[in-house]
Amino acid sequence: MRTRYAPSPTGPQHIGGIRSALFAWLYARRHGGQFILRIEDTDQKRTAPGSIELIEESFDWLGLDIDEGPRQGGAFGPYIQSERLTLYQTWAQWLVDQGHAYKCFATAEELKELRAAGTGYDRRYRDVPAEQAAELEARGMPYVIRFKMPLTGVTAGRDMIRDAVEFDNAQLQDAVLLKSDGYPTYHLAHIVDDHYMKISHITRAVEWLPSFPLHLQLWKSFGWEKPQYAHLPVLLNPNGKGKLSKRKQQFADAGASVPVLVHEFIDAGYLPEAVINFLANIGWNFGDNQEMFSRQEAIQRFDLKDVNPANSAYPIKKLTWLNSQYIQTSTVEELARLLKPVLQEAGYTVVDERLLEVAPTLKVRLKTLKDVVPMAGFFFADWAAFQAPPPDILLQRKMDSVSTAMVLEESIPVLQSLEDFSSGSQHGVMAHLAKDLGLKNGQVFGTLRAAVTGQKVSPPTFETMEILGRDESVRRLKLALQSLAQPTN
RNA sequence: GGCCCCUUCGUCUAGCGGCCUAGGAUGCCACCCUUUCAAGGUGGAGACACGGGUUCGAGUCCCGUAGGGGCUACCA
């Protein structure tokens, strides 16, 4: 079994393409086959430099390994279509020689008029005598090679996801196979390549379904054994309106921008495992009412036949949940490894030892890796530069500066005299103090939290103080006390 | 316009004629737990687009309608 992902190198890798690629990859892995990356750069105008690297980086990040492709090579290369031009030209000419295709000399203007008139191309060059065509060609007239689509009858095919599909041949046009610049169109190129590369299962988006009969006829004309086709459903915008596009990201999702490019997922702090799990759950499901599963588990169960034919809205909110689940179930070491670059990028100097202490408090609190910055960035800031928080952060519910100062004053000696500065013992004594002061735990703990972190929201207070250490914690409590003594202006 | 595909809770989905008074997840709401934020626990609201058939019996099969998506390029 050999499957492939065949993107056009038109820019950054879009998540929709990855979803299609994932299904092809899962299928190949399931059957112990090969997964191939082929670059379809037959449209020179749309080709963007650097795209191939972007695509490869995306696959690397996601952990979707490629068996054959531009970078890894393979026995059926080259894997970039622009490097296979003569192959397409040869076969296009063969089709002409066999009477399955013809040279069309219609100019861009003619075509434009035809289109304006509401009719498509009228096959005006389909039946010109060979001598006449040769003469036009000799005169240097540019031409394309078009396929002679059967004029009558139906073309019936089988799609792995939808089963039987049928098309009326009369509805189809004589598609261009080879463009006047000598490049093939997708129609020709994919068939020649999939044949030569021995692709057994072609997966592609549903938008190709209308041209499926053309491809079927092409396989027939070549006399090659055709692979099985699976037309995959596509991702729609989160509001269900229109295909998910990388161009217009402004869909109605509470004004929040939704990630659609692979690098946007990386930047937003999602884990590749979560993204894979997320994508596999759209249009396919693991079964057993199980939402979370590893790629290995998915490989064991995946089948193209089980793919839901319906398009689906992009359920991006589920990714957030899945991501938090993956963060929760990752080990402290793994989480620390993932968090480090995020903190560094935010400008913090990260000491591994400290990160390892902080990470456990973060596991249940982070939705994305990025959340670490507002939540726990202060651990990695310059402690000497710590400033006491303003009253609106320091003062807890139903607390004023007097009661806050009292809590601070009472807490300091208690903490200083604590034998063991672990969060557990801190909790014990502070809960006791709260009771003595006639305050709620939340009021006392909250005051300490604010004083020590400078934030309203943070990891648990006592765990935070344990990491900060007794001296630094007490220093910060005193700082808060001093700031309270200052006249508020 | 023509052609093609699709149609179960807001969303992702299970369901492949009787096991469905339609299951799970997410999101939302409530309660519990609780030192903030989370996490976790419990519960709740929430769907078979509509109309015809076929059948003893339809969410499941067929037809139509409606709605959605796509194709209709010398783009893929």
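Here is how names work: the chains are called A, B, and so on, in the same order as the sequence lines, proteins then strands, and each is numbered from 1.
Residue A/Lys317 places its side chain closer to B/rG27 than to any other of B/rG27, B/rA38, B/rG40. Set against B/rA76, B/rU13, B/rC5, the side chain of A/Ile282 has B/rU13 as its closest nucleotide. Each of B/rG68, B/rA76, B/rC5 was ranked by its minimum atom distance to the side chain of A/Lys241; first place goes to B/rG68. Counting only heavy atoms from C-beta on, A/Gln173 has its side chain closest to B/rU72 among B/rU72, B/rG70, B/rC74. Here the nucleotide nearest the side chain of A/Leu236, chosen from B/rG69, B/rA14, B/rC12, is B/rG69.
Residue contacts shown for A/Val144 include a base, since a base heavy atom lies under 4.0 Å away. Among the atoms of the strands shown, base atoms are found under 4.0 Å from some heavy atom of A/Trp208. Among the protein residues, A/Gly283 comes within range of the sugar-phosphate backbone only, with heavy atoms under 4.0 Å from sugar or phosphate atoms but none that close to a base. Within 4.0 Å of A/Pro374, counting heavy atoms only, lies no atom of the nucleic acid at all. Among the protein residues, A/Gln81 comes within range of no part of the nucleic acid, since none of its heavy atoms lies under 4.0 Å from any strand.
Here salt bridge (charged side-chain N to carboxylate O under 4.0 Å, His left out) pairs that include residues 169-195 of chain A, with residues two or more places apart or in two chains, are A/Arg4-A/Asp194, A/Arg38-A/Asp193, A/Arg38-A/Asp194, A/Arg84-A/Asp193, A/Arg123-A/Asp174, A/Arg126-A/Asp174.
Taking the six-membered ring where the residue is Trp, A/His215 and A/Trp208 present tilted rings, their angle falling between 30° and 60°. Using cut-offs of 30° and 60° on the angle between ring planes, the pair A/Phe302 and A/Phe23 is tilted. Between A/Tyr143 and A/Phe105, the ring-plane angle classifies as tilted under the 30° and 60° cut-offs.
Counting atom types as modelled, A/Ser180 pairs a side-chain N or O with a base atom of B/rC74 as donor and acceptor under 3.5 Å. Applying the 3.5 Å distance criterion, the base of B/rG2 shares no donor-acceptor pair with the side chain of A/Gln171.
Residues A/Lys318 and A/Asn311 each lie close to RNA chain B; by heavy-atom proximity, the contact nearer the 5' end of the strand is made by A/Lys318. Nearest-nucleotide positions on RNA chain B for A/Asn289 and A/Ala313 put A/Ala313 closer to the 5' end.
Nucleotide B/rU42 has B/rA30 as its partner under the Watson-Crick or G-U criteria, with both atom distances under 3.5 Å. Base pairing annotation: B/rU65 forms a Watson-Crick or G-U wobble pair with B/rA49, both donor-acceptor distances under 3.5 Å. B/rA25 is paired with B/rU11 under the Watson-Crick or G-U wobble criterion, all donor-acceptor distances under 3.5 Å.
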**Study point:** Test ring-ring contact (aromatic ring centres under 6.0 Å, His included) applied to A/Tyr125 and A/Tyr102, step by step
**Key:** CA-CA 8 Å; A/Tyr125 285 93; A/Tyr102 61 96; 8.1 Å; no
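Contact annotation: A/Thr42 reaches the phosphate of B/rA76 (side-chain N/O to OP1 or OP2, under 4.0 Å). The side chain of A/Lys367 places an N or O atom within less than 4.0 Å of a non-bridging phosphate oxygen (OP1 or OP2) of B/rA39. Contact between the side-chain N/O atoms of A/Arg19 and the OP1/OP2 oxygens of B/rC12 is not found at any separation under 4.0 Å.
Contact record, A/Pro9 with A/Ile55: CA-CD1, 4.4 Å, taken as the closest heavy-atom pair.
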**Study point:** Protein proximity profile, nucleotides 30-37 of chain B - base contact B, sugar-phosphate-only contact S, no contact -, cut-off 4.0 Å on heavy atoms
**Key:** -----BBB
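For A/Arg146 and A/Tyr121, the positive end sits near the middle of the six-membered ring, less than 6.0 Å away and at most 45° from its axis.
Listed for the A/Ser58 side chain is a donor-acceptor partner under 3.5 Å among the backbone atoms of A/Leu54.
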